[in-house]
Amino acid sequence: MESILFLGTCEEDGSLGKPARETLGVASQLAAQLRAPFAVGLIGTSVQEAANQAADSGATRFLGVCGPDFSQPRYATDSAAAEALCRAANATIILAPGTSRLMRCLPGVAHRLNGRADTHVTAFVANEGTITAQRWYYRQRMEARFTRSHRPWFVLIDPGAAPVWSGISRQVEVENIDVVLPDSARKTEVTGFREPEAGLNTIRPDADLLFVVGAGWTKKQPDGKVHAAEAEQLILEFLTRTRCSLGSSKSLVDLGSEGQPVLSFLSHLNQIGQTGSTPRHPKGLATCCHGEEPHTIGWRFISERRAINLDPQCGWARGKADVLYVADAFAVLKRINELLSET
Amino acid sequence: MNTGYQIVVCGGIVPDPLQTLEPVPTPTGPALKNELVLPATLDPWACHALYEAAHLARQHPGSKVVLVSISPKQRLQQVMMTIAQKVPFDLVALDGAASGFTDPAETAAALAEAINGLPGLNREKLLVFGGWESASRGAGVTLQYLAERLAISDVFMGVDELRVQADGSLEVLERIEGGRQQASRCSGPPVVVGWATGKLPEPRNNPQIGMQNMRAIIPVLQRAKQVKIGAEGVSFASVALPKQLRQTRIVRDATPEAIAREIVEWIKG
Amino acid sequence: MEPNIDKPSEATLRAVPGDDVRQIMWRFSDRYDLQLLVQSARTVARGPVARLVAGGGRNTHDWTPEKAALLQVFDDSGITAAFLDPEHGGHISGPKNLALALIAFELSWVDAGAATCSLAGNLGLAPIHERGTPEQRAEYLGRAAPGSSAVSGKPQVRAAFALTEPLPFVGVETGMLSGKVRVAEWPDGGEPILHVDKRGRFITNMAFANVVTAAVASDDLRIKGTCMVILEEGDEGVFDRGVATKKLVHQLSSTCDPVFSMRVPASRIVGGYTVKDGVIVPNFSHSEIIESVFRRTRVTVGLMTSAKLLSAIEPVILYQRRRFRGGDVAPGMPRYELGLQQKEDSLHRLVDIWATGEASASLGFAAARLFDELDPIEREKDHLFAERGLSGRAAFRELTKAQTEAIELVRLRSLPLDAQDKKRMAELESNLLVRFVMLDSLANVLCPACKLWNTGHGANMMREAVSLMGGYGVTEDCPGFLGQKWMDAQLEATYEGPEAVQRLQLSVTMTNELFLAQFEQWMAEMRRIASERPGMGACVLATAMDLWLWTLKHVQSATDAHGAKLFHKTRQGVTFALADALCWILAVRQFILDVLELETKGKENPALTDALPGLVAFFGDLAHVQAARAAGEVGRITSEIVHGYRAHGMQPDISQLCGCKSRDRDAIAGAGQQSVNSETPDSGVKGRGRAGALPELGELTPFAEMRVKLDLCLSGTRLSKDRAAQALTTVMVPEALDYPV
């Protein structure tokens, strides 16, 4: 008989964040399917509000590890807290959102409990008693479904992969689990958080649109000259007007390290694709980027895709985009900016 | 006083990203079609970890960089022809599978054994580096398993920067949600660091370094110990390529004006 | 009896061959210094070089800052230093022909102009490297190493080689020089000061070179003959780089027509000089120097074209397969999955390109390795001669004796094992001069053959590759830059000695008795391979070799219809054509040997275990295809020579057979029909018994028999081609090229 634990961390305001509520939904559904004992375990400065939020999830136990030591995302303290929660819940399956905080600590906890952890899971379902996880391999180039015999099984669900769960919030009783930390657990101190260096918050996971710029922006234009400054200005204006998220191809980011003309606000953080990120956005617009596989695998979770490229044979034309505009991105973006400014 | 670090970088090989990848079933689980003949590279995140390690070692005289790799040794040898020219390091090679379909727990166990077996291992100077992800399994869990096996309780993942402070403490920037970075200060080694892309460009090939590295690497490869890395307890129901080809509408001969209008409408729609 | 069908292996090519395969075939799997170098050069080629080409960097013949930036890239990546010995700042010990060949190959995979830019610096230094005095080597080779200027306090040497001159001497007449050297000043007891006047034409690297090795002839009774002189920017006089050549090819290298009028000390004469009776006698004439330089550097030029052909495979396959995607086709449909690869012709033509690329690369790398083997032996030989004071005729006599002994060694080796005189063989094998003349005789053939065939025929095949890309092929956007490569190949056919020069050299060296003795050994080797490994072309190649050798011997004594000698240095219709035929043979022979090497050594690499049978099967099929093509060329050329200089009506009279003397149309048709109906080749050849059959051919009978045999040996070649073509439809290729387009 499986026993299920939803494990989450609380936001600064004490609530459950969106990725946590997505995973809570998965856990809740699985517990219902399996008719398995279902507990909610929470870590944070204070966990009561988050526990209340999950009241309606079907969980029968609410466990918490709280206190100032557990406010900051830190491996030693988070893993100690999570370990205590798992032991208290005696769960065989632990579902957690794939946030940076839990991705950091839960695999270690899995090891301590002689279990296994799977991350970036996009679906986790039970079918006739068999529980199957689904995730991508080789940078989103192939998708596998698998089962595991190891227990406890830690499953971290990718943010955005499941619908957000919501239920009526009501007061629940939280069992506080005491965790005694050794001094060594405080060897690391979180000192703060930083915005991207560019000063522009150009990576916006919640934006509706991903705007990708490719190396073509820094290539010679029909007049035989490079127009990097103009490109920068057009792109920045577009970003300001649309509040979209900015991505780039690897080749464009790499140019910088080789002394080639670059767009000053780009860094490896913006890189989409094989060695970059695979963000989730409803729409994506690629400009001056060839759309070959190593880049477009980073588009796996972009629903509607359009591209502007001068080459009608480029990768986008081969089924990677919904629409390919064969055009000069400089001219088109200039006009787009004008139209956006009119409205 | 020797202020140097012992920096152990863990990294396996992955298929060159431009290669066509196709899963095939084998008696021991899924594998990549023609896996052994596909050109390979050192995992890109492990590469960044290695470059950062070498950079740190240069700044702290007396430091030593060791790359521990579990990979099929013939493939690893080809990869070394590029990597060994980048930065100086010692290699510890374990001849085993580098497939994305193996279990990271098994990889971590073999890595831990190799690291514990390093001569002169000094925990007070030990920095264990690796990639926070990989281009094969891409799970980001091996280093945490490894940390537990090595009894290291300070683990950082998605690291963009690591700076040694004057008092010997380490300041670490980790990538977190929303394009932000979390800054932490750790009083000192031992630590486990899973690197994101870091900040360093790819070092240029330096044949002198290559020749120097290879003199030691070739014998190491020749006597690489075989390790069995599988995925015990995991049963794959299916592995498939996504069928996400779209019916691309190619718009030619439209004016920038018309295209711009269509795109603006789409963005707003 | 069961027919001897070459049973096709079920194994087929899985993925395009990787580095481990090439290292075995081209014999550097135990040379990690070279493997590192390959990766280094590849990083440069597919990174900065490819970006420059993709960015339109080749669209001007001017030397631009972007092009100049590549020099630093070459320095940083170890490409520049690869030419230098460790004592001069290099990182590769021993001979470097294979190393430089691999660099040329890797750079030319993307752009051969970049390769030329890198290699021309070596060419400029090569006279000093090959023949320079110890002082000259220390000064100029030492200063060529990147970073050396920090030590020397002088600029890093970037060299150019100035041989070619303006019309009328431009081109093949390298023996005549209008560049002159005179004694400008000769202080009592001091070193003479020379005045050098030289106008160069098409001089590579001239936009930035600061050291030039210039070929000049004496214009002064106090200087004997010709020599090469080192000119340095900053020497007294005119160092005018001249205008850029308006070339259409190799645009990433600089080419100018410079003018020099300079005063330099006589110590700048490459290799030094002696003073005899008041006359400066250079230790080496310019032709002695360029001979030793070119015979090495020409091989790398040949490999530039090989790289182009092999680099065309992936872009063509990608283009063919994706040709109809994006249109009204869906995944799973043959038109979607295979595109143009549904058509046999597209596949067969690509098979031809691939086979040519393999054969030419095999030949080129074999030649490079041969020079690596020869270099130290040649130096030992020079040392020996110097020790014994042998030069001129005395040296020639020693070499002639060694040649006789070498032929003896070849003959001994060809005897059955139990009949060999082991003691004598060991004695001959340990003889330095015997080893030297054996390798030298091969180098004298392989070098021009590689330069001639790889580039000349390679250029033709590049045109095929371009045509397979349709209209795309002749655009700047063509993936793999195939259009530019096609043009570039034409330069490679001309650069460092055009085709006529190579044919001329071959027509002499291919008749060397020692070479021919080894050639006969190779024929036996091919026969043995044919029996042990049928289906890879050794059989038809061995017959083609027979045919070629028979023809060579025949023409050396035969006359034409007018009684004129067939084999004569002015009769290039014979000599040059036979040289061409030989090249086809040499290339595919080496390819077959490389496939066998892969089959043998590949088993030692566990990573290749699964793929090896398919690789060997595919390469075997390619070799078969290439052997058939080579045999066709040899058959055509030899037939034209053997029969083409005879007149109708000469004995043996074949006019009845072809019917061309008949005025009766039915008789002509009938004659043709009868020859078709001939039952056996044997009876046909000897012409016994039936009207219209072949007449008695007398001394030409063996030739006719070999021709028939050659045709019959083609059995299975098209089956091989079909298999190779089929493999192209299933071989896994990367999603995209690993360099920008």
Side-chain angles (χ1 to χ4, degrees), chain B residues 13 15-22 24 26 31-41 71-86 95 202-219 221 226 241-250 252, chain C residues 13-21 23 29-30 32-44 47 72-73 75-79 81-82 86 89-93 314 325-328 330-332 336 604-612 614-615 731-739:
Chain B
I13 61 168
D16 179 292
L18 292 171
Q19 296 300 317
T20 303
L21 302 185
E22 198 180 322
V24 286
T26 75
L32 294 182
K33 190 175 174 185
N34 301 327
E35 188 161 352
L36 281 179
V37 291
L38 290 178
T41 60
S71 306
K73 67 177 182 182
Q74 282 79 17
R75 309 304 300 156
L76 183 60
Q77 183 172 331
Q78 295 299 330
V79 171
M80 283 300 118
M81 295 308 162
T82 307
I83 297 301
Q85 299 197 63
K86 300 287 184 188
D95 186 13
E202 187 173 325
R204 283 197 292 253
N205 282 10
N206 183 329
Q208 307 283 8
I209 291 177
M211 295 293 285
Q212 200 180 333
N213 277 338
M214 290 311 290
R215 271 191 276 275
I217 286 174
I218 293 287
L221 285 165
Q226 274 203 335
L241 292 172
K243 300 287 180 207
Q244 281 207 9
L245 279 177
R246 293 154 189 250
Q247 289 293 318
T248 308
R249 174 167 66 92
I250 300 176
R252 302 168 201 251
Chain C
L13 185 69
R14 297 173 173 205
V16 285
D19 284 322
D20 35 12
V21 173
Q23 287 157 11
S29 48
D30 56 348
Y32 63 77
D33 53 344
L34 300 186
Q35 295 173 29
L36 291 167
L37 186 64
V38 164
Q39 296 303 329
S40 228
R42 187 175 299 166
T43 307
V44 169
Q72 187 63 45
V73 174
D75 286 354
D76 293 340
S77 61
I79 289 176
H91 47 86
I92 297 174
S93 305
E314 283 175 29
R325 293 185 195 174
D328 191 19
Y336 180 92
E604 294 166 13
N605 182 347
L608 288 178
T609 306
D610 289 347
L612 191 63
L615 275 162
V731 64
M732 214 160 92
V733 291
E735 296 273 355
L737 298 187
D738 58 354
Y739 52 97

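Proteins come first, then strands; the chains are lettered A, B, ... in the order of their sequence lines, and each starts at number 1.
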Heavy-atom cut-off 4.5 Å, strictly under: side chain, backbone, both or neither for [X] against chain C?
X: B:Lys33; result: both
X: B:Arg249; result: neither
X: B:Leu38; result: side chain
X: B:Gln208; result: side chain

Going from [atom1] on [X] to [atom2] on [Y], what distance comes out if it is rounded to the nearest 0.5 angstrom?
X: C:Leu36; Y: B:Ile209; atom1: CG; atom2: CD1; answer: 11.5 Å
X: C:Met732; Y: B:Asn34; atom1: CE; atom2: CG; answer: 4.5 Å
X: B:Glu35; Y: C:Arg14; atom1: CD; atom2: CZ; answer: 12.0 Å
X: B:Leu36; Y: C:Thr609; atom1: CG; atom2: OG1; answer: 8.0 Å

Please look at C:Ser40 and chain B and tell me whether the side chain, the backbone, both or neither of the residue comes under 4.5 angstrom of a heavy atom of that chain.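 When you check distances to chain B, atoms from both the backbone and side chain of C:Ser40 fall under 4.5 Å.
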
Proximity breakdown for C:Val21 and chain B, heavy-atom pairs closer than 4.5 Å: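 Neither part; nothing is under 4.5 Å.
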
Name the one of C:Asp610, C:Leu608, C:Leu612 that satisfies side-chain contact (heavy atoms from CB on, under 4.5 Å) with B:Val37?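 Considering C:Asp610, C:Leu608, C:Leu612, a side-chain contact (heavy atoms from CB on, under 4.5 Å) with B:Val37 is found only for C:Leu608.
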
Could you walk me through whether C:Tyr32 and B:Arg215 pass the side chain to side chain contact (heavy atoms under 4.5 Å, CB included) check? CA-CA 9 Å; C:Tyr32 63 77; B:Arg215 271 191 276 275; 3.2 Å; yes

A side-chain contact here means heavy atoms from C-beta on lying under 4.5 Å apart; do C:Val38 and B:Met81 qualify?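 The answer is no; the side chains never approach within 4.5 Å.
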
Would a 4.5 Å heavy-atom cut-off, applied to side chains only, mark B:Gln19 and C:Glu735 as touching?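 No, every pair of side-chain atoms sits at 4.5 Å or beyond.
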
Could you tell me whether the side chains of B:Gln78 and C:Gln35 share a donor-acceptor contact shorter than 3.5 Å?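 No - no donor-acceptor pair under 3.5 Å links their side chains.
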
Determine the option with the most heavy-atom pairs under 4.5 angstrom with chain B, choosing from [options].
options: C:Pro606, C:Pro17, C:Ala736; value: C:Pro606
options: C:Ala607, C:Ala15, C:Gly78; value: C:Ala607
options: C:Thr43, C:Val16, C:Asp20, C:Asp738; value: C:Asp20

Name the member of B:Gln74, B:Glu22, B:Lys73 that forms the most heavy-atom pairs with chain C at distances under 4.5 Å.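 Option with the top pair count is B:Gln74.
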
